Amino acid sequence: MYRTINILLYTLILCPVMLMAQVASVQTLEKHIETYRALPITALTKHYLETPQDKQALHIIYNVVLAEKYVAQTDALNTQSTAHYQEAIQALDKLDNPALSIWVNTSCGFYYYTYSELAKAYNYFLKSSFQLKEVPSNNLLRPTEVYLRNAYFFGNINEPEMAISYLEEAKKITPKKSKTYAEILFSFGYHYALLNKTDLAEEYYTKAKCIAQEIGDDVRKAKALGELAIIAIEKKELTTAEELLLEDIKISKKEGDYRNSMYAQILLSELYLKQQKLEKAKQNIAEAEAYAKSKDYLKGFEKEIIEHKIQLAALEGDTLTELTNHRALDEIYKHLAVTDGEEVIVKINQNLQNQNFALQLAAKQAKLEKAKLLRITLIVFCSLLFIVCILAIILYNRKLKLQETTYQRNVLSFRLEKSASEKRLEETHKTLKSYKRYLQEKNEQVAKLEVQIEKIGKSSSKYLERKNKLLRQLLEEHLMTDENWYAFKEAFIKEQSDFYLNLKQQLPDLTESHLRIVILQKMELNNVEIANILGVTPAAVKKAKQRLRKKYNESYDALF
């Protein structure tokens with residue numbers, strides 16, 4: 001009785017009080033952030049040293065804001081900002097404050113993201129995104145800022161749905177007549193464009209432009225015009241696109257946003273190249289290149305500019321310039337391979353999928369454990385009930401249960417073998433050697449499964465497989481999915497680049513299905529093993545090889 005009363009008191013009185021205290025704490029920290037951001041560096045340090053309360057939290061906020069100010073001074077990654085961000089991250093371990101942790105990790109991740117270091121930004125955004133699932137928006141520190149920055153990052157690594165979910169949260173808590181709201185609408189347009197939902201993208205860009213124009217945010221208006229120009233190009237409305245881009249450039253230069261004017265000039269030069277207006281294209285390329293080269297973190301834009309220069313040189317018949325630009329492009333690719341190039345984005349996206357898979361697997365295992373406990377409870381209950389029944393019925397049911405337990409054990413054993421094999425692959429960073437071992441293990445597991453399926457088909461418990469089809473399902477799960485194939489293919493190309501290039505030269509117009517067979521053959525898998533991996537018959541593999549030999553003659557056999 002007393003315990004019930006205590007629980008009610010806690011629910012009705014203490015919980016709301018604790019929640020209000022937490023919100024009050026967030027509001028206090030937000031005031032400190034605003035105050036710190038408004039002060040110059042020297043005044044900020046003095047103000048921080050003179051503030052007596054909340055030293056742990058303020059120490060973290062002080063370091064983040066100080067890092068931001070050094071970034072504003074240098075417009076680049078710098079040792080001072082990096083050191084202050086790291087000091088803030090390390091100090092988080094001493095403080096249990098999820099809202100502050102989300103804000104700090106987002107700020108640190110955004111620092112690296114802004115300057116094209118996506119691999120470094122990934123871990124910080126991954127942590128903040130996991131924490132965001134647990135903390136409601138009204139308990140967040142700088143919630144709109146946090147949601148927007150997470151949206152930018154995850155949209156940039158090809159996760160537009162995730163980005164849109166953050167934008168939806170930001171939209172709920174942002175005043176409609178504000179620069180931030182125009183920015184959110186613009187970001188909606190960008191991410192719907194990534195999803196090829198052009199009508200929705202155009203709708204949001206137009207809304208963003210209208211609000212920006214209404215509140216006097218000319219920079220956002222210019223950016224919206226640039227994105228609307230891209231849509232106009234897709235619709236073959238080239239005159240409209242040119243007008244929009246010219247207005248975008250004019251406004252951006254007037255407002256001093258030279259990065260956006262560079263972006264618009266790149267788009268405009270591409271448009272002029274399509275229209276064979278070479279002098280205009282050359283002029284815009286030159287202006288865009290001048291700004292891109294002034295910032296080391298704009299290599300991605302510099303890549304596009306050089307590609308346009310190559311196209312321009314080709315149209316003008318300037319072979320020497322074209323060759324020179326190709327060499328420059330190779331150097332850019334080397335830089336992007338470790339910063340924000342396509343390879344980095346693919347790897348980060350893959351890591352994100354692996355993290356999500358790990359969480360889903362943990363939830364599934366917990367569910368299996370719960371189901372197992374429930375099953376044991378039911379078995380005990382049934383056993384007590386069966387005691388009253390005729391001994392023959394008890395023995396019969398015991399036999400059925402034993403068969404089912406054996407079947408489930410076999411299924412679980414095969415599933416654990418499969419999971420262990422996949423885990424070993426993940427832990428070895430997916431090298432070609434680890435993939436070879438993984439494929440060998442897969443074939444061994446498939447062989448065992450086929451023996452078990454044949455064995456159970458001849459036993460009295462064959463009804464279990466007909467009913468549940470778990471062994472057949474496991475057999476199908478061993479087939480190589482498109483996602484697994486492209487990950488394996490990437491590892492193969494990385495370690496067998498010479499072979500792969502030779503393959504593409506010797507066997508032109510090779511289909512993806514035939515490419516799989518050739519690469520798996522290179523991995524020294526026989527026809528049966530290749531068939532097990534691809535989910536076809538050995539005869540089909542043999543026939544495919546015969547077709548390849550017939551089509552490419554000696555070039556095919558020479559590969560091996």
Side-chain angles (χ1 to χ4, degrees), residues 29-49 57-92 100-128 141-157 170 179-180 183 187 219-220 223 252 255-263 291-302 335-336 338-340 344 348:
L29 294 179
E30 287 217 358
K31 289 179 181 177
H32 284 301
I33 293 172
E34 291 172 6
T35 302
Y36 283 7
R37 283 178 169 172
L39 296 171
I41 291 177
T42 51
L44 167 60
T45 303
K46 182 180 178 183
H47 187 280
Y48 163 69
L49 293 173
L58 289 182
H59 174 69
I60 293 169
I61 292 172
Y62 167 75
N63 275 286
V64 171
V65 175
L66 199 55
E68 291 173 347
K69 291 186 179 296
Y70 284 121
V71 171
Q73 285 182 354
T74 60
D75 190 23
L77 293 173
N78 61 87
T79 54
Q80 291 168 305
S81 294
T82 301
H84 284 296
Y85 275 123
Q86 291 308 312
E87 189 169 345
I89 291 290
Q90 290 168 8
L92 283 175
L100 185 59
S101 176
I102 291 169
W103 179 71
V104 172
N105 277 288
T106 297
S107 299
C108 190
F110 194 71
Y111 164 63
Y112 288 112
Y113 162 77
T114 301
Y115 296 103
S116 303
E117 293 285 351
L118 297 187
K120 292 180 180 178
Y122 168 70
N123 288 329
Y124 300 105
F125 278 112
L126 183 66
K127 188 168 184 179
S128 68
L141 192 61
R142 311 290 295 176
T144 304
E145 178 182 308
V146 164
Y147 284 131
L148 262 176
R149 289 181 170 184
N150 276 273
Y152 286 143
F153 176 77
F154 286 104
N156 198 263
I157 63 166
K179 287 186 176 182
T180 305
E183 182 181 358
S187 194
V219 171
R220 183 61 54 190
K223 290 181 177 181
S252 297
E255 296 297 319
D257 191 342
Y258 296 107
R259 175 169 177 165
N260 192 58
S261 66
M262 171 203 68
Y263 174 65
Y291 182 77
K293 284 189 172 181
S294 70
K295 308 289 182 182
D296 189 56
Y297 59 87
L298 297 178
K299 293 292 184 184
F301 291 106
E302 196 173 340
H335 178 87
L336 294 177
V338 293
T339 55
D340 62 340
V344 177
I348 290 173

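Quick caveat, the model's predicted, so the values are computed rather than measured.
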By side chain to side chain donor-acceptor pair (under 3.5 Å), S107 pairs with (sequence neighbours left out) none
- prompt: Is there a donor in the side chain of E87 and an acceptor in the side chain of H59, or the other way round, less than 3.5 Å apart?
  reply: yes
Any side-chain heavy-atom pair of R37 and E68 under 4.5 Å | yes
Closest non-hydrogen contact found for T74 with N78 is OG1-ND2, 3.1 Å
For A88 and I60 the tightest heavy-atom approach is CB-O, 3.8 Å
dist K31:NZ -> I61:CD1 (nearest 0.5 Å) comes out at 13.0 Å
CG (L118) and OH (Y113) are apart, to the nearest 0.5 Å, by 8.0 Å
In short, L44 meets Y36 closest at the heavy-atom pair CD1-CG, 3.3 Å
Output for pair (Y122 OH, I157 CD1), nearest 0.5 Å, gives 7.0 Å
- [ ] Go through T180 and L148 one step at a time and tell me if the side chain to side chain contact (heavy atoms under 4.5 Å, CB included) criterion holds.
- [x] CA-CA 9 Å; T180 305; L148 262 176; 3.9 Å; yes
ask   = What is the ring orientation for Y62 with H84, classed by angle as parallel under 30°, tilted 30 to 60°, or perpendicular over 60°?
value = perpendicular
| said: Donor-acceptor check, side chain of K223 to backbone of E183, threshold 3.5 angstrom: yes or no? | reply: no
CZ (F153) and OG1 (T114) are apart, to the nearest 0.5 Å, by 11.5 Å
- Side-chain heavy-atom pair I102, L141 within 4.5 angstrom cut-off: no
Of all heavy-atom pairs linking R149 and F125, the shortest is O-CE2, 3.5 Å
Using a 3.5 Å distance criterion without hydrogens, assess whether the side chain of T106 forms a donor-acceptor pair with backbone atoms of W103. no
Item to check | Donor-acceptor contact below 3.5 Å, side chain N150 vs main chain V146 | outcome: yes
Sequence neighbours excluded, the answer for ring pair (Phe, Tyr, Trp, His ring centres under 6.0 Å) partners of Y147 is none
Any non-hydrogen side-chain atom of Y124 less than 4.5 Å from a side-chain atom of I89?
yes
Looking at K69, I'd like to know if its NZ atom is crowded, meaning that more than 12 non-hydrogen atoms belonging to other residues, nucleotides or ligands lie closer than 6.0 Å. yes
Run the side chain to side chain contact (heavy atoms under 4.5 Å, CB included) check on I41 and Q73 step by step: do they pass? CA-CA 11 Å; I41 291 177; Q73 285 182 354; 3.4 Å; yes
*For salt bridge (charged side-chain N to carboxylate O under 4.0 Å, His left out), just list the numbers for R142 and E34, CA-CA rounded to whole Å, side-chain angles, deciding distance to a tenth of an Å, and then say yes or no.*
CA-CA 10 Å; R142 311 290 295 176; E34 291 172 6; 3.4 Å; yes
Between the OG1 atom in T82 and the NZ atom in K120, the distance rounded to the nearest 0.5 Å is 7.5 Å
Heavy-atom nearest pair, Y85 first then V64, reads CE2-CG1, 4.1 Å
Taken to the nearest 0.5 Å, the spacing of N63 CG from Q90 CD works out to 10.0 Å
field: Any side-chain heavy-atom pair of S261 and E255 under 4.5 Å
entry: no
* For residues Y70 and T79, is any side-chain donor paired with an opposing acceptor at under 3.5 Å? -> no
Scanning both residues in full, the closest heavy-atom pair of A76 with Y111 reads O-CE1, 4.4 Å
Worksheet item: Is there a donor-acceptor pair closer than 3.5 Å between any side-chain N or O of S81 and the backbone N or O of L77?
Response: no
